[in-house]
Student: 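Below: one structure in structure tokens.
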Amino acid sequence: MPAKLPLTIASDLLAWYDVHARQLPWRAPPGTPAPDPYRVWLSEVMLQQTQVATVIPYFEAFTRRWPDFRALAAVEDGELMAAWAGLGYYARARNLLACARVVANDYGGALPDTEEALRKLPGIGAYTAAAIAAIAFGRRAVVVDANVERVVARLAVLDTPLPAAKPEIAALTDGITPDDRAGDFAQAMMDLGATICTARAPRCMLCPVRGECAAFARGAPEQWPQKAPRRVKPQRYGTMFWIEAEGHVLLVRRPDKGMLGGMLALPTGPWEEAPPGLTDAPIEADWQIADTVVRHVFTHFALDCALAETRLDRQTDAVADGQWWPLREMDAAGLPTLFAKAVAKMEK
DNA sequence: CAGCCGTGGCT
DNA sequence: TAGCCAAGGCT
């Protein structure tokens with residue numbers, strides 16, 4: 001284990017946070033009473049692997065429609081998934097709803113206030129449980145996200161690459177987390193990582209703790225954290241099927257497991273190393289292949305998806321579990337971006 | 001534990 | 001621009 005970090009980091013960081021904290025819709029100003037746990041929880045789930053600017057409009061829409069756990073717990077699955085459309089990582093939406101229902105049914109509509117109890121709820125892992133306990137309930141918790149990992153790795157010039165360095169980083173973070181204001185400290189670390197101690201081109205001259213930063217002293221802070229090399233992203237090919245009839249298009253609900261799980265979508269064939277053509281076409285029809293493909297990049301592969309079109313005289317019921325959606329209301333369908341791109345292409 | 005799981009911003 | 005990256009959780 002490396003040497004401990006200077007204990008002055010917490011006080012320096014909190015003093016900086018008192019002046020420079022970002023004003024965010026889910027955040028109470030420094031020193032004021034803790035914000036509503038529902039809003040903290042909702043924001044933390046939305047913020048998992050997702051940047052602040054992307055989350056804000058979704059957070060505003062969700063809190064306007066569903067102001068508390070009971071309201072959210074009463075939503076139908078499809079309505080919730082449609083509202084989440086575009087945010088990505090759709091398992092978060094399924095877990096969000098499951099969590100809201102547990103809170104409404106088993107906890108009287110109020111989130112439990114300990115890390116241990118929070119950790120057992122759907123969609124709440126080690127990071128989110130610590131963040132909620134600290135920010136919403138004022139408990140001392142060690143909050144480690146990707147920002148904290150980067151900041152701590154630089155402060156301590158950790159040469160162990162991620163993710164192997166995670167235990168060391170957690171121990172070092174524990175060592176500088178204050179007993180009071182652990183929530184503000186966590187948010188200060190994350191603000192610092194998001195605005196100053198950035199992954200590339202860090203703004204060290206604005207940093208309140210550069211005097212305690214070993215990476216700054218070395219003169220090359222962007223050299224940390226070290227990371228294990230990434231795998232190359234494979235290219236895959238697929239086909240989407242556009243079946244139009246009487247001003248409607250056929251949509252299907254994707255299974256909960258797997259890519260875009262639980263989301264409404266255009267029917268698709270398999271996604272493979274070679275173009276699958278009309279494999280798994282929902283019906284036999286006179287398919288026309290659009291002249292351009294829909295390109296979309298997911299986390300672990302890139303997809304070139306052909307678009308097969310056909311028009312029918314009537315809305316066939318030959319496709320089990322399909323539903324006909326009016327073309328004039330495609331925005332309300334809540335399609336993942338891959339399919340929203342196809343809709344945009346068809347509307348031209 | 002390592003692979004799976006979206007999307008948009010930034011350089 | 002092509003790749004890197006982000007307030008991770010689940011299995």
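Proteins come first, then strands; the chains are lettered A, B, ... in the order of their sequence lines, and each starts at number 1.
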Student: Rounded to the nearest 0.5 Å, how far does CD of A:Gln315 lie from CD of A:Glu246?
Tutor: 4.5 Å
Student: Does the side chain of A:Gln323 pick up a donor-acceptor pair with the side chain of A:Trp325 at under 3.5 Å?
Tutor: no
Student: Rounding to an integer number of angstrom, what distance separates C:dT1 and C:dC5 when you compare their C1' atoms?
Tutor: 16 Å
Student: Is it true that A:Asp18 and A:Arg181 have a side-chain N and a carboxylate O under 4.0 angstrom from each other?
Tutor: yes
Student: Within this structure, what is the CE-to-P distance between A:Met189 and C:dA7, rounded to whole angstrom?
Tutor: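 Checked: the CE to P distance equals 12 Å.
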Student: Provide, to the nearest angstrom, the distance between the CD atom belonging to A:Glu44 and the P atom belonging to C:dA6.
Tutor: 16 Å
Student: When we call it a touch if two heavy atoms are under 4.0 Å apart, what does A:Leu87 touch: a base, just sugar-phosphate, or nothing?
Tutor: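 If one applies the 4.0 Å heavy-atom cut-off, A:Leu87 turns out to touch a base.
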Student: From NZ of A:Lys233 over to P of B:dC5, roughly how many Å is that when rounded to an integer?
Tutor: 13 Å
Student: Heavy atoms under 4.0 Å, any strand shown: does A:Ala91 hit a base, just sugar-phosphate, or nothing?
Tutor: nothing
Student: Base, sugar-phosphate or nothing for A:Lys257? Non-hydrogen atoms, less than 4.0 Å.
Tutor: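 The answer is nothing, as A:Lys257 stays clear of every strand by at least 4.0 Å.
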Student: Could you list all N or O pairs between the protein and nucleotides 8-11 of chain B that sit under 3.5 Å apart?
Tutor:
none

Student: Can you tell me if CG on A:Asp304 sees more than 12 non-hydrogen neighbours from other groups inside 6.0 Å?
Tutor: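 Check passes, neighbour count above 12.
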Student: Under a 4.0 Å threshold between the charged nitrogen and the carboxylate oxygen, would A:Lys345 count as salt-bridged to A:Glu309?
Tutor: no
Student: Can you work out whether A:Arg92 or A:Ala199 has the more 5'-proximal nearest nucleotide on DNA chain C?
Tutor: A:Ala199
Student: Determine, for A:Lys166 against A:Glu168, whether the closest basic-nitrogen to carboxylate-oxygen distance falls under 4.0 angstrom.
Tutor: no
Student: With respect to the phosphate group of C:dA6, does any side-chain polar atom (N or O) of A:Arg150 fall under 4.0 Å of OP1 or OP2?
Tutor: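 True: A:Arg150 side-chain N/O within range (under 4.0 Å) of C:dA6 OP1/OP2.
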Student: Closest approach to the side chain of A:Phe298, judged atom by atom: which nucleotide of B:dT7, C:dA7, C:dA6 is it?
Tutor: B:dT7
Student: What's A:Ala194 touching, base or sugar-phosphate or nothing? Going by heavy atoms closer than 4.0 Å.
Tutor: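 Since only primed, P, OP1 and OP2 atoms lie under 4.0 Å of A:Ala194, the category is sugar-phosphate.
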Student: Would a line drawn from the ring center of A:Phe298 to the ring center of A:His296 be shorter than 6.0 Å?
Tutor: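 Yes, the ring of A:Phe298 comes within the 6.0 Å limit of the ring of A:His296, centre to centre.
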Student: Salt bridge (Lys or Arg N to Asp or Glu O under 4.0 Å) between A:Arg140 and A:Glu115: does it pass, once the steps are laid out?
Tutor: CA-CA 10 Å; A:Arg140 184 187 184 281; A:Glu115 224 179 316; over 6 Å; no
Student: Over how many whole Å does the gap from A:Leu96 atom CG to C:dG9 atom P extend?
Tutor: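 Atom CG in A:Leu96 sits about 13 Å away from atom P in C:dG9.
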Student: Does a side-chain N or O of A:Lys227 approach OP1 or OP2 of C:dA6 to a distance below 4.0 Å, or not?
Tutor: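 Answer yes for this pair, as a side-chain N or O of A:Lys227 is under 4.0 Å from OP1 or OP2.
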Student: Do the side-chain N or O atoms of A:Gln49 get closer than 4.0 angstrom to the phosphate oxygens (OP1, OP2) of C:dG8?
Tutor: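 Answer is yes, contact under 4.0 Å.
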Student: Determine whether the side chains of A:Thr310 and A:Gln288 contain a donor N or O and an acceptor N or O closer than 3.5 Å.
Tutor: no
Student: Just to confirm, is there a sub-4.0 Å distance from OP1 or OP2 of C:dG9 to any side-chain nitrogen or oxygen of A:Thr128?
Tutor: yes
Student: Could you tell me whether the phosphate oxygens of C:dC10, OP1 or OP2, come under 4.0 Å of any side-chain nitrogen or oxygen in A:Tyr89?
Tutor: no
Student: Classify A:Ile132 by what it touches in the nucleic acid, base, sugar-phosphate, or nothing, heavy-atom distance under 4.0 Å.
Tutor: nothing
Student: Whole-Å distance between B:dT7 P and A:Leu47 CG?
Tutor: 17 Å
Student: For A:Lys4 and A:Asp174, what are the C-alpha separation, side-chain angles and deciding distance, and is it a salt bridge (Lys or Arg N to Asp or Glu O under 4.0 Å)?
Tutor: CA-CA 10 Å; A:Lys4 290 186 178 182; A:Asp174 196 350; over 6 Å; no
Student: Considering only B:dG6, C:dA7, C:dG8, which nucleotide approaches the side chain of A:Gln48 most closely?
Tutor: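 So the nucleotide nearest the side chain must be C:dG8.
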Student: Starting from the 5' end of DNA chain C, give me the residue, A:Pro122 or A:Ser43, whose nearest nucleotide shows up first.
Tutor: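 Result: A:Ser43.
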Student: Check for me whether the distance between the ring centres of A:Phe59 and A:Trp26 falls short of 6.0 Å.
Tutor: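 That pair passes the under 6.0 Å test.
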Student: Tabulate atom names and distances for all N/O pairs under 3.5 angstrom spanning the protein and nucleotides 1-4 of chain B.
Tutor:
| residue | atom | partner | partner atom | Å |
| --- | --- | --- | --- | --- |
| B:dC4 | OP2 | A:Arg231 | NH2 | 3.0 |

Student: For A:Tyr127 and A:Glu44, which I'm curious about, is there any donor-acceptor pair between the side chains at under 3.5 Å?
Tutor: yes
Student: When the P atoms of C:dA7 and B:dT11 are compared, how many Å lie between them, rounded to an integer?
Tutor: 14 Å
Student: Does the pair A:Arg139/A:Asp113 count as a salt bridge with the N-to-O cut at 4.0 Å?
Tutor: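 Yes, this pair counts.
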Student: Using Watson-Crick pairs (N1 to N3, plus N6-O4 or O6-N4) and G-U wobble pairs, both distances under 3.5 Å, which stems of at least 3 pairs involve DNA chain C?
Tutor: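 When the pairs of DNA chain C are grouped into runs of at least three, the stems are B:2-5 with C:8-11, B:7-11 with C:2-6.
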Student: Mind checking A:Trp26 for me? I need base, sugar-phosphate or nothing, with any heavy atom below 4.0 Å counting as a touch.
Tutor: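 Result for A:Trp26 = base.
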Student: Within the 4.0 Å heavy-atom criterion, would you say A:Val297 contacts the bases, only the backbone, or no part of the nucleic acid?
Tutor: base
